[in-house]
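Every heavy atom of this structure was used, including side-chain atoms; hydrogens, water molecules and symmetry mates were not.
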Amino acid sequence: MELTALKGIGDKTAEAFKRLGIFSAEDLISFYPRSYESFDKPKALYELEPGKIQTVEGVLTKDASVNRFNGMTIVNAYLADMTGRLQLSWYNSPFIKNSLREGMHLVFRGRVYEKNGKLIMGQPKIYQAESYKEKYEGRLMPIYPLTKGISNNTIVKAVSEALTLCRHTGEYLPESIIDEYGLKSLDVTAIRLHFPRSGEELRASRRRAVFDEFFLNNLAGARLSERAKRLTSVYRCKPDFGLIRFIADLPFELTAGQLKAYKEINADMSSGRVMNRLVEGDVGSGKTMVAMLAMLFAALNGYQAAIMAPTAVLAAQHFETFNRMLEKSEFFDGRINTVLLTGSMSAADRKEALSRIRSGEANIIIGTHALFQEKVEYKSLALIVSDEQHRFGVGQREALSAKGDMPHTLVMSATPIPRTLAIIMYSNMDISLIKERPQGRLPIKNCVVGPGYRRTAYKFIFDEIKKGRQAYIICPAIEEAEEEENESLGGKTASEKNAAKLENVTDYTEKLRKIVPEGVRIAMLHGRMKNDEKDAVMKHFKEHETDILISTTVVEVGVDVPNATVMMIENAERFGLAELHQLRGRVGRGEAQSYCIMINTSVSEKAAERLGILNNSNDGFQIAEEDLRLRGPGDVFGVRQSGDIDYRIADIYRDAAIMKDAAAAVKELMDRDPELDEPEHQRLRRISDEYLEKGYIV
């Protein structure tokens with residue numbers, strides 16, 4: 001159903017929704033809240049605690065007043081109940097004064113802090129007392145990711161109507177699984193994920209949604225694994241001894257993990273079966289070198305090998321690295337020929353590349369998704385490698401596989417995952433782990449600081465730039481989202497702007513340009529830019545035509561810039577630990593000392609504990625284990641942590657127990673009906689087929 005079919009959504013609002021990835025009413029139903037606000041019963045003033053968001057009810061003791069200080073307006077009002085008196089303060093919202101009069105009976109909700117020995121509620125939202133009791137008290141209100149032109153209230157209304165107009169077409173899980181694992185129905189799950197009436201209701205609905213994501217993912221993997229068992233490879237390679245001599249002549253020594261992974265790949269490709277292997281390694285562990293050795297092994301056996309990178313810039317980097325390595329070695333004696341294939345190539349270059357691939361002259365092919373487009377024909381594609389594997393769905397990898405006759409598959413992941421979970425997630429793959437970092441790289445120095453340290457951090461970055469270095473600054477948002485309207489006054493509140501402001505790339509870039517020293521070059525990067533624009537920005541940064549790159553997490557999958565020595569992450573508490581670790585891995589790739597500065601804008605002890613893990617360790621696998629321990633299953637008020645594997649709602653760490661249940665359910669199902677031929681499994685089979693066609697995430 002078109003978005004414009006919903007009340008209150010015109011063409012302009014529909015365009016704004018598209019920036020959130022919402023194109024239809026059905027998309028809205030799957031656009032889950034990022035968190036929930038719990039509206040508690042108002043507290044007596046004597047019960048208030050500093051540092052928490054709380055609700056109070058009382059009578060204003062006098063009219064609100066306006067004071068001006070350092071160019072800022074401050075509105076103050078005073079609330080009283082039978083137990084005490086509380087100051088209420090709003091910054092840069094002078095219009096509020098006219099609506100706060102002595103004797104008014106109101107409800108206020110905001111964060112309480114302590115100053116000079118007394119409690120103050122800052123930037124509170126205002127509610128009529130009766131309205132609060134009827135509409136909010138005891139409710140969990142959804143909080144959605146926003147974009148400019150879309151308020152939270154707009155999404156709430158649109159989702160509510162979409163749920164009324166769009167119904168699920170029926171249950172697909174077997175009744176035995178629903179009963180055994182105590183799962184809610186699909187219809188109830190959809191409604192209560194958006195509008196839960198209690199924490200218990202939210203937990204139960206979220207559990208069903210999480211179970212489904214893990215179940216469908218694991219089922220797809222199990223079905224692929226069943227297919228693979230029946231396959232023999234036409235690209236059986238001869239056990240390699242020659243490359244061992246080449247490895248010995250490299251100007252650096254491979255780590256034990258790299259050597260072990262290469263030997264496992266060698267054995268797979270020589271076994272007569274089709275290889276399907278995951279190389280999981282920490283950031284900077286040298287996975288690309290292992291992939292290159294696998295590709296050389298295929299080429300020396302007379303076949304072709306292709307590596308698919310998520311961006312044109314990263315593909316070009318792989319191409320340069322490969323050629324540089326070949327130029328320094330006389331070992332191959334002209335037997336290896338590389339070609340680059342991306343969507344941004346000129347028509348003439350593309351035609352030549354396609355010809356070399358078709359004839360078999362090129363036996364090492366490096367590119368982006370352009371590798372599996374219709375006009376690309378391979379002579380003997382024996383090995384496909386997917387870099388940054390969670391950026392490609394199975395559908396894309398299978399499209400490339402279809403270019404050969406069931407080629408070997410090697411996928412790489414830089415997201416450290418505890419082995420117990422990795423075995424479940426990648427159930428259709430053999431796994432190689434690389435834990436060590438190559439010799440000669442200094443450990444990154446980390447620090448977690450508050451917003452007050454920001455100017456000191458800028459000075460540190462500018463000092464690094466004077467030394468000829470470069471820096472990244474990461475913001476969690478692209479642009480400033482519009483604030484919610486105040487429920488009772490109809491005006492805009494600045495509450496979120498003044499408390500733990502969410503930094504955005506657009507405004508941040510403009511602000512920084514005003515304070516950087518003359519000659520410092522700044523660029524901006526985010527996911528809404530066109531691919532050509534993103535590639536150009538990264539290319540300029542790689543070639544040191546930019547000193548500071550201000551970006552969203554799109555740089556998580558980036559090129560190696562050994563000259564970049566500082567990674568500064570704003571609102572670090574907003575990211576998952578795995579994502580923070582990935583971002584930190586963008587630096588520390590050269591010989592110079594590198595640094596990661598994490599700005600923590602939260603006062604939460606839990607946020608400080610989580611960030612402390614990264615502050616004290618550069619070991620991604622240790623961080624993953626700690627993340628698993630810390631999150632646990634009970635945090636119902638955040639749907640998922642950003643930055644982990646790209647599930648829509650599930651979190652592999654917090655939901656590890658549900659993942660294990662889903663895997664057990666898949667095993668029971670596949671043991672009983674591996675082809676899903678039984679009548680009660682027909683709908684599930686269709687959905688699983690669609691899931692595979694679209695490309696599931698691992």
key: Close side-chain approach of D532 to K534, heavy-atom, < 4.5 Å   = no
Check: Do V210 and D651 have side-chain heavy atoms sitting under 4.5 Å apart?
Finding: no
If you count the non-hydrogen atoms of other residues, nucleotides and ligands that lie under 6.0 Å from CG in D179, is the total more than 12?
yes
Problem set entry | Geometric cation-pi criterion R109 and Y127, 6.0 Å radius, 45° cone | no
Q: Could you tell me whether K133 and E130 have a side-chain N and a carboxylate O separated by less than 4.0 Å?
A: no
(request) State, yes or no, whether a side-chain contact exists between V449 and I597 at a heavy-atom distance under 4.5 Å. (result) yes
(Q) Whether D655 and R206 form a salt bridge (side-chain N of Lys/Arg under 4.0 Å from carboxylate O of Asp/Glu) is what I want to check. (A) yes
Check the side chains of E570 and Y508 for a donor-acceptor pair under 3.5 angstrom, ignoring hydrogens and angles. yes
Would you check if the side chain of R111 reaches a backbone N or O of G51 as a donor-acceptor pair within less than 3.5 Å? yes
*asked:* Taking the basic N atoms (NZ, or NE/NH1/NH2) and the acidic carboxylate oxygens, is any pair closer than 4.0 Å for R208 and D212?
replied: yes
The reported gap from CZ in F31 to CD in E26 (rounded to nearest 0.5 angstrom) is 15.5 Å
When you check the side-chain N and O atoms of T509 and D507, is any donor under 3.5 Å from an acceptor? no
* Is K18 salt-bridged to D27, going by a charged N under 4.0 Å from an acidic O? -> no
Note: W90 and P124 closest approach over all heavy atoms is NE1-O, 2.9 Å
I'd like to know if the side chain of E57 and the backbone of K43 have a donor-acceptor N/O pair within less than 3.5 Å. no
| message | Between N571 and E503 (side chain of the first, backbone of the second, donor and acceptor by atom type, cut-off under 3.5 Å), is there such a pair? | response | yes
Under 4.0 Å between a side-chain nitrogen and a carboxylate oxygen: does that hold for E137 and K41? no
Query raised in the report: Looking just at side-chain N and O atoms, do Q128 and H105 make a donor-acceptor pair shorter than 3.5 Å?
Result: no
